[in-house]
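Scroll down for the structure; my scribbles are underneath it.
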Amino acid sequence: MKNTAISKDINGAATELGYIFTFLLGVLLLSMFSMWAWDIETATRERWNQEAIQANMDDIAAAVERADQASRMGDVEYSETIYWRATEADENLFTLSLNNEFLSLKDNGGTLDMEVSISGAGSGEHTGTVELSGVSTIWVVHSEGVTSLQLYRPQ
């Protein structure tokens, strides 16, 4: 029969502790990388939202300017549809309003408030308020001396 004796070798314990610390260092580095990548993705999404909303506002302001140009031709009616680009923002809280000086976007739940100046060089008043909840198209209409924002096609 073979006799074995237990020895007190501590070299294996040091190796195991090295494995554990290496594993924990890897977890720490992967966690830091994940947070860094998440921050980059979030900042990019927010920038794209702001750029899409700015492009939407510029398109609507340009349509208002074209309606003003048509209004200076005399007693004419003008309508134009603008497609609202989708964003990841909560558009249920957006209110778009038009007055003689500005096209304004009010974000009731965030920081995406925005104003675009318009010339106001049309022959009439500018008015209109639109809630953007579920909206994909907005109409800019000049009729009876008033340029307005509407959700539905004018008749």
Side-chain angles (χ1 to χ4, degrees), residues 16-155:
E16 290 297 322
L17 284 175
Y19 290 155
I20 291 170
F21 287 131
T22 302
F23 172 77
L24 291 175
L25 179 63
V27 168
L28 175 69
L29 292 175
L30 283 175
S31 298
M32 290 173 55
F33 175 76
S34 296
M35 290 188 309
W36 175 71
W38 182 79
D39 284 343
I40 289 174
E41 188 269 335
T42 301
T44 302
R45 184 178 58 243
E46 289 173 357
R47 188 181 76 245
W48 285 352
N49 274 337
Q50 290 172 348
E51 289 178 6
I53 291 169
Q54 183 66 50
N56 286 331
M57 296 289 286
D58 291 342
D59 289 349
I60 296 169
V64 169
E65 296 294 339
R66 287 188 291 273
D68 284 348
Q69 185 178 9
S71 74
R72 291 191 299 270
M73 292 180 192
D75 187 24
V76 297
E77 292 191 2
Y78 177 87
S79 63
E80 180 179 343
T81 184
I82 292 89
Y83 293 98
W84 183 264
R85 290 173 187 85
T87 66
E88 289 187 358
D90 188 2
E91 294 173 353
N92 293 328
L93 302 174
F94 284 178
T95 303
L96 189 64
S97 60
L98 176 66
N99 62 35
N100 287 332
E101 298 172 5
F102 296 105
L103 174 66
S104 302
L105 177 74
K106 175 73 174 152
D107 181 10
N108 294 324
T111 61
L112 295 172
D113 293 344
M114 193 173 295
E115 282 187 346
V116 176
S117 297
I118 58 172
S119 68
S123 66
E125 293 292 314
H126 295 84
T127 185
T129 300
V130 174
E131 300 289 329
L132 294 180
S133 178
V135 171
S136 61
T137 58
I138 298 168
W139 286 86
V140 174
V141 178
H142 178 78
S143 179
E144 299 176 4
V146 177
T147 301
S148 63
L149 299 177
Q150 299 178 11
L151 290 179
Y152 302 105
R153 182 175 173 250
Q155 299 299 325

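The analysis underlying the following values was restricted to heavy atoms, covering all of them including side chains, and did not include hydrogens, waters or symmetry mates.
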What distance do D68 atom CG and T147 atom OG1 have between them, rounded to the nearest 0.5 Å?
-> 5.0 Å
CD of E51 to CD1 of I53, rounded to nearest 0.5 Å, is 11.0 Å
Nearest-0.5 Å distance, CD of residue E80 to CD1 of residue I138 = 12.0 Å
What one should report as the nearest heavy-atom pair of A63 and I82 is CB-CD1, 3.4 Å
Do the side chains of N49 and E46 get nearer than 4.5 Å, heavy atoms only?
-> no
To the nearest 0.5 Å, what is the distance between OH (Y83) and CD1 (I60)?
-> 13.5 Å
Minimal non-hydrogen separation, S97 against T129, with atom names = CB-OG1, 3.9 Å
CG (L132) and CG (L151) are apart, to the nearest 0.5 Å, by 7.5 Å
S148-Q150 side chain donor-acceptor pair, cut-off 3.5 Å | yes
Keeping the roles fixed (side chain from N56, backbone from R85), state whether a donor-acceptor pair exists under 3.5 Å.
-> yes
How many angstroms lie between NE2 in H142 and CD in E125, if you round to the nearest 0.5 Å?
-> 11.0 Å
Of all heavy-atom pairs linking W84 and F94, the shortest is CZ2-CD1, 4.2 Å
Kindly give the heavy-atom pair with the smallest separation between R66 and D59, and that separation in Å.
-> NH2-O, 4.3 Å
Can you give me every donor-acceptor pair (side chain of residues 103-117, partner residue at least two apart or in another chain, under 3.5 Å) with its distance?
from: D107; atom 1: OD1; to: G109; atom 2: N; distance (Å): 3.2
from: D107; atom 1: OD1; to: G110; atom 2: N; distance (Å): 3.4
from: D107; atom 1: OD2; to: G110; atom 2: N; distance (Å): 3.4
from: D107; atom 1: OD2; to: L112; atom 2: N; distance (Å): 3.3
from: N108; atom 1: ND2; to: L93; atom 2: O; distance (Å): 3.4
from: D113; atom 1: OD1; to: D107; atom 2: N; distance (Å): 2.6

Side-chain touch N99/T127, heavy atoms, less than 4.5 angstrom = no
Mark yes when over 12 heavy atoms from residues, nucleotides or ligands other than E41 sit less than 6.0 Å from its CD; otherwise mark no.
-> yes
Note, R153 side chain near S79 side chain (heavy atom, < 4.5 Å) = no
Considering residues, nucleotides and ligands other than D75, do more than 12 of their heavy atoms fall under 6.0 Å from its CG?
-> no
Heavy-atom closest contact (P154 atom, V141 atom, distance) = CG-CG2, 3.7 Å
